[in-house]
Amino acid sequence: MLHFMKIRQLSACVAFLRGQTVGVSGNGNGNVITASRLMSSKTYNVPPSSEFVARVSGIATMTKLPYQDTAEGLDAAFIGVPIDTGTSNRPGTRFGPRQIRAESFLLRNYSGTGAAPYESMMVADIGDVNVNLYDLKDACRRIREAYRKVVATGCIPLTLGGDHTIAYPILQAVAERHGPVGLVHVDAHADTGDMSLGEKITHGTPFRRCVEEGLLDCKRVVQIGLRGTAYTPDAYAWSREQGFRVVRVEECWYKSLVPLMAEVRAQMGKGPVYLSFDIDALDPAFAPGTGTPEIAGLTPIQGLEIVRGCRGLNLVGCDLVEVSPPYDTTGNTALTAANLLFEMLCVLPKTKHY
C-alpha cells in the first residue's frame, strides 16, 4: 500500500511540474522521460527532475535529454562539434562539448523568463559531429555535411563548440537552406581576419569567409563586446566597411544591454538570424576557461540580456563556442555556457512562455 501511494505521489508531482501532463513514461533508469500534453496530445522529450533522478547518474547528454542519432522529428537539437584545430593560442576546446553537457545537469526545465521549451518543442541531443582532428579543411567539410542533414529536416541546431572555426561550415549549411542570414555575433574578437600563418580557415577568419561566400546579410549583422589589443589602429574597420554594426565593449560597460537589444531586433527584422556566442565575450573573471581571453569583458548578466533579447527573432541556428575546460578547473565556464545554450533554446520561435 505504501509503495502504491508513493507511485501516486510521484505521478502527481511530475504532472504538476510538467504542466498539463497526461502521462509519463521512463526507460527504467530515469534517463528518458516523455510527457503527453493536453494542449496538443503530442509526446515531448522532458529532462527528468533531480527530485527523482540523481543529477550525477546516467550518460551525459545535454540537460539529460534523450539521445538520438539524427534530427528527424525534432524542432531543435543540441549538437557538439569537438574541435580545436583552428585555435591560435591555448587548445582544449575539443573537450568543450563534453564538459558543457556534464555541467548542464544542474539545469531545470523552465527559464526565469517563464519559457517552457519542453512543453512546446521536441528537443534531443544528437551527439557530436565526427570531425577530423588532423585536417581542418576536411573537418569543415564534415561539419557542413552534417549540418546540411540537420537543417534539411527543419530542425534548429544549437551547437556546443569547439573553436569558432565551426561557425563557417555551419553557416554554409544554414545559408543553403535559408539564404543569407542576419548574424548576432557576441565575442571579444571580430573573427574577420583574412589569413593566419598562410591559412584562410582558422578560428579568427570565419566571418570573412562567410561574407566572401554571400552567407550573411551584411546590413543585418551586429558584433557585440569587441575589445582587446590589435595590430592596426582600427581592428574593426573591415567589419564596418561591410555594413556590420560594431558594438565595442566600452559601449557596454556599466549598463544594461536591454535597450541595445531592442535596436538589434529592429535591425534584424523578420528575416532569418543566426546567433553565435563566443564565451570569451565574457570577462575572464567569469569565464576563464577559454583559449584567447581578453580583460574587461561582458558580465554574465549582460550575456543573458543579449540572448534573452533575441526573443522574437527568426532564429534558425545558435552556437556557443570556445569553451576550453583545461583552463577552468571549477567547471564554471562550461556551466555558464550550458545556461546560455538553454536560454538560446528558450528564445527559439516555437517556445511557449507563461
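Note: hydrogens, waters and symmetry copies are ignored here, and every other heavy atom, side chains too, is used. The residues of the chain are indexed from 1 along the displayed sequence.
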**Request:** Examine the side chains of T292 and D280 and answer whether a donor and an acceptor come within less than 3.5 Å of each other.
**Result:** yes
**Asked** Would Y168 and E213 count as having a side-chain donor-acceptor pair, cut-off 3.5 Å?
**Response** yes
**Prompt:** Does CZ in R177 sit with more than 12 non-hydrogen atoms of other residues, nucleotides or ligands closer than 6.0 Å?
**Reply:** yes
**Prompt:** On the ring face of Y327, is R90 found with NZ or CZ under 6.0 Å from the centre and within 45° of the axis?
**Reply:** yes
**Message:** I'd like to know whether CG of L106 has more than 12 heavy-atom contacts from other residues, nucleotides or ligands below 6.0 angstrom.
**Reply:** yes
**Prompt:** Considering residues, nucleotides and ligands other than I295, do more than 12 of their heavy atoms fall under 6.0 Å from its CD1?
**Reply:** no
**Asked** Do D125 and T61 have side-chain N/O donor and acceptor atoms under 3.5 Å apart?
**Response** no
**Asked** Are I170 and V131 connected in a single hydrophobic cluster, I mean Ile/Leu/Val/Met/Phe/Trp/Tyr linked by side-chain heavy atoms less than 4.5 Å apart?
**Response** yes
**Request:** Work out which heavy atom in L257 is nearest to a heavy atom in L298; give both atom names and the distance.
**Result:** CD1-CD2, 4.4 Å
**Message:** side chain to side chain contact (heavy atoms under 4.5 Å, CB included) for F78 and V123? Distances and angles first, verdict last.
**Reply:** CA-CA 8 Å; F78 292 104; V123 189; 4.0 Å; yes
**Asked** Looking at L348, L345, T351, which hits side chain to side chain contact (heavy atoms under 4.5 Å, CB included) with L315?
**Response** L348
**Item:** Parallel, tilted or perpendicular, as decided by the 30° and 60° cut-offs, for the rings of H164 and H185
**Value:** perpendicular
**Request:** Please work out whether the ring planes of F244 and W238 are parallel, tilted or perpendicular, with thresholds of 30° and 60°.
**Result:** perpendicular
**Asked** Should we say atom CZ of R141 is surrounded by more than 12 heavy atoms from elsewhere, each under 6.0 Å from it?
**Response** yes
**Message:** Between the side chains of K255 and E305, is the shortest nitrogen-to-carboxylate-oxygen separation below 4.0 Å, so that they form an ion pair?
**Reply:** no
**Request:** Without swapping roles, check the side chain of T159 against the backbone of G161 for a donor-acceptor pair under 3.5 Å.
**Result:** no
**Request:** Kindly give the heavy-atom pair with the smallest separation between T333 and G289, and that separation in Å.
**Result:** OG1-N, 3.0 Å
**Fill in**
In Q223, E294, R227, the residue satisfying side-chain hydrogen bond (donor to acceptor under 3.5 Å, both in side chains) with H189 is E294
**Request:** State whether the number of non-hydrogen atoms from other residues, nucleotides or ligands found under 6.0 Å of K219 atom NZ is greater than 12.
**Result:** no
**Item:** For the student: nearest non-hydrogen atoms of A338 and M62, plus distance
**Value:** O-CE, 3.8 Å
